[in-house]
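Since the structure comes first, as structure tokens, the remarks are kept for the end.
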Amino acid sequence: MKDPTADWEFLLHDPGPPPPRPPRRARLLAAARTVRAARLLRRRGWPDAQWYLRTLRPASQAPWEPTEAVRLARSEVLPCLTWLRLADPDALCLPRSYALATYLTTLGLPAEVVVGRQRSSIGGRFAFHAWAELYDEVLGDIPGLKAGFAVLLRVGSEEVRRVEAGSPVAPGGTP
């Protein structure tokens with residue numbers, strides 16, 4: 001019989017070499033922006049929160065390959081959610097995924113918030129869920145969850161996308 005804890009081990013431990021560490025200044029700025037974003041979402045709602053994430057500029061340009069970036073992002077989930085817990089102790093899936101995308105975007109990673117609707121209804125009602133993605137990898141949630149949801153919306157930073165496409169952007173800007 002397969003050990004049930006082995007399926008969840010990837011959330012707690014990365015068996016490879018330690019991921020790269022972003023600069024301390026970038027991590028502190030990411031924490032501050034995460035708290036600000038959580039408050040913005042709670043006070044002003046999703047339209048203003050989307051605008052904030054779309055216009056967010058990275059604190060530094062990410063020199064990491066996609067696999068290295070995903071490993072880094074997984075190592076930063078816990079610090080990000082700790083900061084979120086201080087700003088919004090009762091945060092559900094949308095604030096959690098939004099905070100994680102804000103945090104990782106500040107570090108220069110092209111994270112997105114994905115909102116999806118459950119593919120099958122229960123009693124005529126559909127469930128909705130939000131999660132964060134980086135290079136098509138689910139972060140801070142169950143990896144196979146995408147199979148059960150139809151994607152309705154993806155929101156990410158346009159500045160980071162420009163950097164990914166090769167157009168330089170001035171680092172450290174704050175919207």
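To the nearest 0.5 Å, the span separating CD1 on I142 from NE2 on H129 amounts to 7.5 Å. Rounded to the nearest 0.5 Å, atoms CZ (R85) and CG (D90) are 7.5 Å apart. For the atom pair CZ of R54 and OG1 of T105, the computed distance is 12.0 Å after rounding to the nearest 0.5 Å. A distance of 5.0 Å separates CZ of R154 from CD of E112, quoted to the nearest 0.5 Å. To the nearest 0.5 Å, atom CZ of residue R33 and atom CG of residue L40 are 13.0 Å apart. Atom CH2 in W131 sits 12.0 Å away from atom CG in L94 (nearest 0.5 Å).
Side-chain atoms of R119 come within 3.5 Å of backbone atoms of A147 as a donor-acceptor pair (strictly under, hydrogens ignored). Between the side chain of S157 and the main chain of L56, a donor-acceptor pair closer than 3.5 Å is present.
The aromatic rings of W46 and Y98 lie perpendicular to each other, with more than 60° between the two planes, well past the 30° mark.
Taking 4.5 Å as the limit, every side-chain heavy atom of C80 sits out of range of all side-chain heavy atoms of V77. Side-chain contact between L100 and R96 is absent, with no heavy-atom pair separated by less than 4.5 Å. Under the 4.5 Å side-chain criterion, counting only non-hydrogen atoms from C-beta, R36 is in contact with Y52. A heavy-atom distance below 4.5 Å is not found between the side chains of F149 and V114. In this structure, the side chains of L109 and V160 stay at 4.5 Å or more apart for every pair of heavy atoms. Taking 4.5 Å as the limit, some side-chain heavy atom of W83 sits within range of a side-chain heavy atom of L86. Counting only heavy atoms from C-beta outward, the side chains of P79 and Y103 approach each other to under 4.5 Å. By the 4.5 Å heavy-atom criterion applied to side chains, K146 and E137 are not counted as neighbours.
Nearest heavy-atom pair, P95 versus A91, reported as atom, atom and distance to 0.1 Å: CB-CB, 3.7 Å. Nearest heavy atoms, L104 versus A111: CB-CB, 3.8 Å. The two residues R74 and L139 have their closest heavy-atom pair at CG-CD2, 3.9 Å. Heavy-atom minimum distance, A49 versus L41: CB-CD1, 3.7 Å.
Taking a 6.0 Å sphere around CZ of R42, one finds it holds more than 12 heavy atoms contributed by other residues, nucleotides or ligands.
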